[in-house]
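Numbered from 1 within each chain, the chains take letters A, B, ... in sequence-line order. FYI, side chains are in, hydrogens and waters are out, and symmetry mates aren't considered; it's all heavy atoms of this structure.
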Number of protein chains: 2
Amino acid sequence: MVVLTANERHALERLEARERHVRRGATLQRDKDRAAEMFILRKGMMMSSVLLDDGSRQILRFHFAGDMLAVSSLAYRAASETISALSDCVVCPFERPAFAAVITDHPRLAALIMVCDQIERAVLTDRLAVLGRTSAKARVAAILIDLRNRMRMLDRGITMSFTLGLTQEELGDATGLTAVHVNRMLRQLEDEGMIAREAGRVTFTDERALERAANFVDRYAGLDLAWLPAGR
Amino acid sequence: MVVLTANERHALERLEARERHVRRGATLQRDKDRAAEMFILRKGMMMSSVLLDDGSRQILRFHFAGDMLAVSSLAYRAASETISALSDCVVCPFERPAFAAVITDHPRLAALIMVCDQIERAVLTDRLAVLGRTSAKARVAAILIDLRNRMRMLDRGITMSFTLGLTQEELGDATGLTAVHVNRMLRQLEDEGMIAREAGRVTFTDERALERAANFVDRYAGLDLAWLPAGR
DNA sequence: CGTGGTATTGACTTGTGTCAAACTGCGTGG
DNA sequence: CCACGCAGTTTGACACAAGTCAATACCACG
């Protein structure tokens with residue numbers, strides 16, 4: 001969609017100079033911890049979440065390879081969310097001054113990063129509308145579609161069938177439901193012929209119906225990048 | 001917190017060169033409309049919302065003077081949310097190329113805009129957790145505190161008492177509740193001595209209790225801007 | 001005065017949560 | 001290799017929070 005200049009590519013590569021491995025289940029950043037680092041996720045799947053003081057957890061977002069993590073340290077001294085690994089992962093840590101250098105030297109990269117922020121924001125607001133205004137069935141349908149789409153962006157081979165790699169507890173924490181009720185909704189979607197399941201693997205058997213049930217909006221379509229400044 | 005250079009101030013003033021008046025109840029931008037403009041809200045109170053296809057509405061965010069509006073046009077060809085005026089407002093429209101020029105010439109302003117994006121994001125994720133995981137009473141308490149704080153940022157005279165300027169229907173659309181239930185929760189907060197009400201005016205009579213009920217986190221505290229590049 | 005939007009309250013319904021029990025699959029250690 | 005335990009799933013019975021519907025009251029405004 002956008003062809004980077006050699007200089008721009010080089011600047012981004014410098015951010016990814018170091019590597020760190022994170023085990024499945026491990027925590028990369030804990031809410032309220034001092035946080036100076038940011039990361040690029042190179043491999044694996046992570047999530048960010050917050051814990052409320054009654055002990056319940058809300059999962060805010062799932063992260064896949066290529067995502068920038070802990071961007072909120074741009075603004076805050078302490079982390080505002082917990083980031084943990086859902087599978088074995090590789091991340092590339094970098095410091096805020098390195099980031100400042102990139103956006104100073106490469107205005108177009110700054111603009112592109114803002115575009116990514118806006119996409120994230122649009123996805124977040126969609127989720128807000130889903131949590132505030134839709135039924136349990138719609139929420140479960142929505143998260144299934146979202147996960148499939150995110151995975152497909154990295155592996156075009158994925159079409160109707162994928163392993164979601166999440167427990168029903170986690171699905172519940174992402175959708176604002178209990179694990180028990182997630183289970184009931186999955187069963188219902190299955191009974192109504194929209195999905196099939198075997199051993200953690202989900203197959204969409206009626207994608208249209210699922211999208212209708214979920215109020216689905218594709219936030220990675222309809223982009224307009226014509227306004228970007230020139231590359232350096 | 002950050003002192004801008006004369007050049008930076010000048011660049012921002014150029015964005016605010018034109019003015020447009022928006023009547024209470026009018027719509028500045030409609031969801032799915034072609035959207036090339038962005039705005040700075042100079043005066044008044046607005047909100048952005050989305051309409052789901054079952055007709056229900058989710059209010060995503062309230063905007064106050066100084067906020068940048070329609071920032072999602074940075075990424076999208078069409079608007080992803082409706083922005084409408086809750087009171088008579090004045091906005092300053094500007095085009096995306098003007099924005100591109102600002103971030104190209106003034107890296108520190110680009111960085112500051114990213115910081116604001118991150119604050120917005122943190123606020124959004126808090127709301128996500130509130131909608132996903134807290135009771136109706138907590139949601140209503142949370143929105144009252146949030147509105148009071150936002151208003152206080154513009155008028156330090158506001159402390160325990162303010163006019164919220166929203167119908168209970170709107171409170172419901174923001175919290176994911178029905179207007180009827182919002183009413184019941186307001187009554188309950190009142191009966192429990194946390195707030196008092198007369199004619200659209202709300203007074204916090206026990207702020208601590210209200211904050212506890214709401215799971216409140218102050219997202220405008222704990223900022224760290226030491227990493228910003230130098231001003232130009 | 002009406003009239004339309006908003007607020008308030010009550011009676012009833014429904015969606016989702018809670019609790020508990022059984023079941024499954026899998027890794028671990030004896 | 002088996003037995004055990006643990007984490008996750010599935011299902012049922014029941015409780016409760018929030019939604020729905022409807023009637024009334026309260027304004028502000030033409």
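Look at A/N183 and you'll find a side-chain N or O under 4.0 angstrom from OP1 or OP2 of D/dT10. OP1 and OP2 of C/dT16 both lie 4.0 Å or more from every side-chain N or O belonging to B/R133. Taking only side-chain nitrogens and oxygens, B/Q168 comes nearer than 4.0 Å to OP1 or OP2 of C/dT8.
For B/R197, the CZ atom is densely surrounded, since the number of other residues' heavy atoms within 6.0 Å is greater than 12. In the displayed structure, B/R34 atom CZ is contacted under 6.0 Å by at most 12 heavy atoms of other residues, nucleotides or ligands. Around CZ of A/R150, the count of heavy atoms belonging to other residues, nucleotides or ligands within 6.0 Å exceeds 12. Within a 6.0 Å radius of CZ in A/R208, other residues, nucleotides and ligands contribute 12 heavy atoms or fewer.
Along DNA chain D, the nucleotide closest to B/L177 and the one closest to A/L166 are compared, and the more 5′ of them pairs with A/L166. Each of A/A136 and A/V180 lies near DNA chain C, and the nucleotide nearest A/A136 is the one positioned closer to the 5' end.
Counting to the nearest Å, the C1' atom of D/dA17 and the NE2 atom of A/H181 are 13 Å from each other. Between the CD atom of A/E169 and the P atom of D/dT9 there is a distance of 9 Å, rounded to whole Å. A straight line from CE of B/M185 to C1' of D/dG19 spans 12 Å, rounded to a whole angstrom. Atom CZ of A/R24 is separated from atom C1' of D/dA7 by 11 Å (rounded to the nearest Å). Atom CD of B/Q188 is separated from atom P of C/dT9 by 13 Å (rounded to the nearest Å). A/L189 has its CG atom 16 Å from the C1' atom of D/dT10, to the nearest Å. Atom CD in B/E198 sits roughly 20 Å away from atom P in C/dT6 (whole-Å rounding). Rounded to whole Å, atom P of D/dT9 lies 9 Å from atom CG of A/L186.
The residue B/R184 sits close to a base: some heavy atom pair falls under 4.0 Å. The residue B/G200 sits apart from the nucleic acid: no heavy atom pair falls under 4.0 Å. At the heavy-atom level, B/R139 lies nowhere under 4.0 Å from the strands shown.
In the set C/dT16, D/dA18, C/dT9, the nucleotide with an atom closest to the side chain of B/S135 is D/dA18. Closest approach to the A/T167 side chain among C/dT8, D/dG19, D/dT9 is made by D/dT9 (side chain taken as heavy atoms from C-beta onward).
Note: A/Q29 CD to A/D31 CG = 8.5 Å, rounded to the nearest 0.5 Å.
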